[in-house]
Amino acid sequence: MNENISKNSSAAQPGWSVSREEGPALELAAQPAFLNPWDIVLCVSGTVISCENAIVVAVIFHTPALRTPMFLLVASLATADLLAGLGLLLHFVFLYCVRSELVRLLTVGLLVASFSASVCSLLAITVDRYLSLYNALTYYSERTVTRTYLMLLLAWGVSVGLGLLPVLGWNCVGQPTACGVVRPLTKNNLIILSVSFFMVFGMMLQLYMQVCKIVCRHAHQIALQRHLLASPHDVTTRKGISTLALILGAFAVCWFPFAIYCLMGDHTSPSLYTYLTFLPAIYNSMINPLIYAYRNHDIQKVLWTVCCGCFSSKRPFRSRWPSDV
């Protein structure tokens, strides 16, 4: 009787989550008996994420005017989120169609690498925004291009390394007690990823605080020079600071629940909590294009040009958002 209950529980909760009733070994090669609604939600989310970020990548790489250091970092973020969306789709396909433990490990490795690259790209964008204000006179130089490529190389190198760890043997296959809340990742692996996230968030918070100080100081100096305490620069400053708050707020709200749960949970934790905390983290990849790409007036202009060409619309382009700080 207990054996049947264990089998039914495993079938109802496929994927990365670890069921409390699982046996002594993880059945990564087993094909679920029926569709798990949570996996369907992940698949649909992955489709939306892939479509959103594919548009951003296509616009940037097919528009010569957008091939600047700032947009290269945005393209890196969109590429990472695009791979994350494709990873969710592959997870669904391989989970229900392909019986291969190696393929499952490769899919999990892709997701770890893509989400890590997304977080690292966010940090790189933050560093670039800070340096663009702190070193405004020397920002538009060859040094900035070199620094951008170095940041991208470092971000993707670290991310690919983290993604290869499960494939190269750092997993809990055959050792269910070593699993964390996401299988086949070990508890120690998830702890490292969570601690790294908190470190990245701390650096982003510190840099954006410095950005706010610089922006406010510049706006105050301009107001004093023009003898205007309530000038349009004040409005721009408030919009810029609100944009920074939106960026950090979205990042924290999406990733904090999952990062904290990875630190506190283990292989005995209910899989429902894993899905509930993992979904907001996924939605960060859905929100990133709206914050970093579609709000930018240059990308908006390209999109409107494409729409006008396709639908013969004579609607003029009007950027409703200020330039990013």
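M286 is connected to V119 through a chain of hydrophobic side-chain contacts under 4.5 Å among Ile, Leu, Val, Met, Phe, Trp and Tyr, so both are in one cluster. Linking ILVMFWY side-chain heavy atoms closer than 4.5 Å, directly or via other members, places I260 and F251 in a single hydrophobic cluster. The same ILVMFWY cluster, assembled from side-chain heavy atoms under 4.5 Å apart, contains both V127 and L248. L205 and V253 end up in different hydrophobic clusters when Ile, Leu, Val, Met, Phe, Trp and Tyr side chains are linked at under 4.5 Å. If you chain together hydrophobic residues whose side chains sit under 4.5 Å apart, V182 and L164 never meet in one group.
A donor-acceptor pair is defined here as one N or O able to donate and one able to accept, closer than 3.5 Å; such a pair exists between the side chain of Q300 and the backbone of Y294. Using modelled atom types, no side-chain atom of D128 and backbone atom of A124 make a donor-acceptor pair closer than 3.5 Å. Listed for the N288 side chain is a donor-acceptor partner under 3.5 Å among the backbone atoms of N284. Panel note: side chain K187, backbone V181; no donor-acceptor pair is recorded below 3.5 Å. Listed for the T186 side chain is no donor-acceptor partner under 3.5 Å among the backbone atoms of C179. Panel note: side chain S114, backbone L111; a donor-acceptor pair is recorded below 3.5 Å.
Counting heavy atoms from C-beta outward, Y292 and L73 have side chains that stay 4.5 Å or more apart. Annotation: side chain of V103 is in contact with side chain of T107 (closest heavy-atom distance under 4.5 Å). At least one side-chain heavy atom of V108 sits under 4.5 Å from a side-chain heavy atom of P184. A 4.5 Å side-chain heavy-atom check between V173 and L105 finds at least one atom pair inside the cut-off. Put simply, the side chain of S116 reaches to within 4.5 Å of the side chain of L193, judged on heavy atoms. Counting only heavy atoms from C-beta outward, the side chains of Y283 and V48 never approach each other to under 4.5 Å. A heavy-atom distance below 4.5 Å is found between the side chains of L154 and V158. Contact check for T148 versus F71: no side-chain heavy atoms found under the 4.5 Å cut-off.
From H91, atom NE2 reaches atom CG of L42 across 6.0 Å, with rounding to the nearest 0.5 Å. Distance check: Y261 OH to S194 OG gives 12.0 Å after rounding to the nearest 0.5 Å. Taking CG from L77 and OG from S121, the interatomic distance works out to 5.5 Å, rounded to the nearest 0.5 Å. For the atom pair CD1 of I287 and CD1 of I282, the computed distance is 12.0 Å after rounding to the nearest 0.5 Å. Distance check, rounded to the nearest 0.5 Å: OG1 of T79 to CG of L72 gives 10.0 Å. Within the model, atoms CD1 of I125 and OG of S132 stand 12.0 Å from one another, a figure rounded to the nearest 0.5 Å.
Between Y134 and Y130, the angle of the ring planes stays under 30°, which puts this pair in the parallel group of the 30/60° scheme.
The number of heavy atoms from other shown groups lying within 6.0 Å of OH (Y273) does not exceed 12. Environment of CE in M264: sparse, with no more than 12 heavy atoms of neighbouring residues, nucleotides or ligands closer than 6.0 Å. Other residues, nucleotides and ligands place no more than 12 heavy atoms under 6.0 Å from the CZ atom of R143. By the neighbour-count criterion of 12 heavy atoms within 6.0 Å, atom CZ of F198 is densely surrounded, having more than that number from other residues, nucleotides or ligands.
The minimum heavy-atom distance between N296 and M70, with the atom names listed, is ND2-CE, 4.1 Å. Contact detail for P166 and L185: the closest heavy-atom pair is CG-CD2, 3.4 Å. Nearest heavy-atom pair across L123 and M203 is CD2-CE, 3.8 Å. In terms of heavy-atom proximity, F61 sits nearest to R67 at O-NH2, 2.7 Å. Shown here for A250 and I291, the closest heavy-atom pair between the two residues is CB-CD1, 4.0 Å. For the residue pair R183 and C172, the shortest heavy atom distance occurs at CB-SG, 4.5 Å.
W38 meets the side chain to side chain donor-acceptor pair (under 3.5 Å) test with no other residue; sequence neighbours excluded. By the ring-ring contact (aromatic ring centres under 6.0 Å, His included) test, Y149 pairs with no residue at all, sequence neighbours left out. Judged as a side chain to side chain donor-acceptor pair (under 3.5 Å), and not counting sequence neighbours, the contacts of S118 are D81.
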Given the rule in the side chain to side chain contact (heavy atoms under 4.5 Å, CB included) test, do S50 and L89 qualify, once you have shown the distances and angles that lead to the verdict?
CA-CA 9 Å; S50 300; L89 294 176; 4.1 Å; yes

Would L290 and E52 satisfy side chain to side chain contact (heavy atoms under 4.5 Å, CB included), going step by step from the backbone distance to the final call?
CA-CA 9 Å; L290 303 178; E52 277 186 331; 4.2 Å; yes

Kindly determine whether F258 and F197 satisfy ring pair (Phe, Tyr, Trp, His ring centres under 6.0 Å), including the steps that lead there.
CA-CA 10 Å; F258 184 66; F197 161 77; 9.4 Å; no

Test log, rule side chain to side chain contact (heavy atoms under 4.5 Å, CB included), inputs L106 and V167
CA-CA 6 Å; L106 289 174; V167 182; 3.9 Å; yes

Test side chain to side chain contact (heavy atoms under 4.5 Å, CB included) on W170 and I192; report intermediate values, then the result.
CA-CA 12 Å; W170 198 5; I192 291 177; 3.3 Å; yes

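None of F115, F201, F278 except one satisfies the ring pair (Phe, Tyr, Trp, His ring centres under 6.0 Å) rule with W255; the exception is F115.
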